[in-house]
Amino acid sequence: MSASSALIERWRAHLALDRRRSVHTVRAYQATAERLVAFLEQHRGEAVTQAMLATLEQADLRAFLTSRRLDGIGNLSAARELSAVRGFLRFVGGEDARPPRLKGPRVKRGLPRPVSPDEAMALAGEIADTAREGWIGARDWAVLLLLYGAGLRIGEAMGLTGAVWPLGDTLRVTGKRGKTRLVPLLPQLRAAIEAYVAACPYPLEREAPLFRGARGGPLSPALIRRAVQGARGRLGLSDRTTPHALRHSFATHLLGRGADLRSLQELLGHASLSSTQIYTQVDAAHLLDIYRNAHPRA
């Protein structure tokens with residue numbers, strides 16, 4: 001096995017075993033590393049080793065992105081590719097690694113719209129992969145999946161305690177005014193929370209917060225908001241991509257898949273149906289946008 005293949009295999013194992021990332025994410029990040037290595041062998045005219053990767057400069061990454069853009073990828077894909085490259089270089093270089101700083105392409109901004117599934121997963125993945133410790137990355141991944149995959153408010157996610165354990169098919173959530181509701185817990189979401197609990201260095205206690213800060217205290221919503229702010233900048237996403245936008249996207253995507261307003265009201269914990277009806281407007285605007293972009297007579 002060549003030196004570069006060994007590095008990529010270590011990266012793959014790290015993502016799959018240490019970070020417990022999905023098969024899809026591992027495959028995508030591994031493919032990016034393989035593309036980078038193949039490009040550098042041609043670009044630099046030498047074998048790719050750990051020492052060589054430590055010498056990369058902005059110009060090298062810019063040339064790699066240019067080659068990928070020539071392959072036809074868009075701004076979001078280019079931003080995700082750059083994010084995966086940074087993660088690979090940080091892993092290969094160790095704790096003191098400082099990959100070249102290169103601003104990613106900006107995603108075109110427009111009218112307010114839901115975060116797409118790809119954008120939501122890219123955002124969560126970027127935050128998890130850039131966390132300073134593996135368990136913190138697992139924590140942030142689980143929190144963001146709760147917002148997008150279960151429609152929780154960030155305060156509701158922070159309010160979960162060890163009493164939710166062991167996890168089942170639903171999760172009891174306490175929302176505004178102390179109102180509780182049950183939300184379905186998708187297998188991927190349950191697996192993310194279980195991976196976080198297994199990695200967390202602090203004991204799971206029934207009355208203690210489920211999500212802990214670095215020193216063991218309750219996780220602050222401000223930390224998640226700052227992480228989202230940094231990640232959306234690196235990925236070139238809109239400033240409107242916030243933790244609460246993930247909850248909005250959950251609602252809009254369910255409505256687009258045929259969910260009725262009453263069911264959506266229960267899932268979101270809205271006291272009034274009028275609060276839920278706004279998503280019919282968002283969904284209609286989204287469909288109109290697709291029509292305008294796709295229809296030859298629009």
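Values below: all heavy atoms of this structure, side chains included; hydrogens, waters and symmetry mates excluded. Keep in mind the model is a prediction, meaning the values are calculated, not measured. Residue indices begin at 1 and follow the sequence shown.
Put simply, the side chain of Leu40 reaches to within 4.5 Å of the side chain of Leu56, judged on heavy atoms. Leu36 has its side chain within reach of Phe88: a pair of non-hydrogen atoms, C-beta onward, lies under 4.5 Å apart. Counting heavy atoms from C-beta outward, Leu89 and Leu61 have side chains that approach closer than 4.5 Å. Between Leu210 and Ile193 there is a side-chain heavy-atom pair separated by less than 4.5 Å. Using a 4.5 Å heavy-atom threshold, the side chains of Glu156 and Leu146 count as separate.
When every heavy atom of Gly162 is checked against every heavy atom of Leu204, the shortest pair comes out as CA-CD1, 3.8 Å. Heavy-atom minimum distance, Met158 versus Ser220: SD-C, 4.4 Å. Between Asp129 and Tyr29 the shortest heavy-atom distance is OD2-CE2, 2.8 Å. Shortest non-hydrogen contact noted between Ala124 and Leu144 is CA-CD1, 3.7 Å. The two residues Thr55 and Asp60 have their closest heavy-atom pair at O-OD2, 4.4 Å. Residue Tyr196 comes nearest to Ala142 through the heavy atom pair CB-CB, 4.4 Å, listed as atom of the first residue, atom of the second, then distance.
Each of Ile136, Ile154, Val143 was compared with Leu219 under the side chain to side chain contact (heavy atoms under 4.5 Å, CB included) criterion, and only Val143 meets it.
Atom CZ in Phe91 sits 9.0 Å away from atom CD in Gln50 (nearest 0.5 Å). A distance of 13.5 Å separates CG in Leu223 from CZ in Phe211, rounded to the nearest 0.5 Å. In this structure, CG in Leu123 is found 9.0 Å from CZ in Arg234, a value given to the nearest 0.5 Å. Distance check, rounded to the nearest 0.5 Å: OG of Ser5 to CD of Glu34 gives 8.0 Å. Considering CZ of Arg44 and CG of Leu53, their distance stands at 8.5 Å, rounded to 0.5 Å. In this structure, OG in Ser67 is found 13.5 Å from CZ in Arg62, a value given to the nearest 0.5 Å.
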* Asked: Given the rule in the side-chain contact (heavy atoms from CB on, under 4.5 Å) test, do Met121 and Trp141 qualify, once you have shown the distances and angles that lead to the verdict?
  -> CA-CA 9 Å; Met121 301 310 289; Trp141 174 257; 3.6 Å; yes
* To do: Evaluate side-chain contact (heavy atoms from CB on, under 4.5 Å) for Glu194 paired with Val197, printing each intermediate quantity in order.
  => CA-CA 5 Å; Glu194 290 172 345; Val197 170; 5.8 Å; no
* Under the side-chain contact (heavy atoms from CB on, under 4.5 Å) rule, what do Arg86 and Thr130 come out as? Steps first, then yes or no, please. => CA-CA 9 Å; Arg86 289 195 190 106; Thr130 55; over 6 Å; no
* For Ser77 and Arg68, what are the C-alpha separation, side-chain angles and deciding distance, and is it a side-chain contact (heavy atoms from CB on, under 4.5 Å)? -> CA-CA 9 Å; Ser77 295; Arg68 293 293 291 129; over 6 Å; no
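Side chain of Thr161 to backbone of Arg206: a donor-acceptor contact under 3.5 angstrom is found. In this structure a side-chain-to-backbone donor-acceptor pair under 3.5 Å is missing from Asp140 to Gly137. With hydrogens and angles disregarded, a donor-acceptor distance shorter than 3.5 Å links the side chain of Arg212 to the backbone of Pro203.
By the neighbour-count criterion of 12 heavy atoms within 6.0 Å, atom CZ of Arg172 is sparsely surrounded, having that number or fewer from other residues, nucleotides or ligands. Residue-environment remark: CD (Glu46) exceeds the threshold of 12 foreign heavy atoms within 6.0 Å.
Partners of Phe64 by ring pair (Phe, Tyr, Trp, His ring centres under 6.0 Å), not counting sequence neighbours, listed by chain and number: Phe39. Scanning for side chain to side chain donor-acceptor pair (under 3.5 Å) contacts around Glu205 gives an empty result, with sequence neighbours left out.
Under a cutoff of 6.0 Å and an axis angle of 45°, Arg139 and Trp135 form a cation-pi pair.
Between Glu81 and Arg35 a salt bridge is recorded (basic side-chain N to carboxylate O distance below 4.0 Å).
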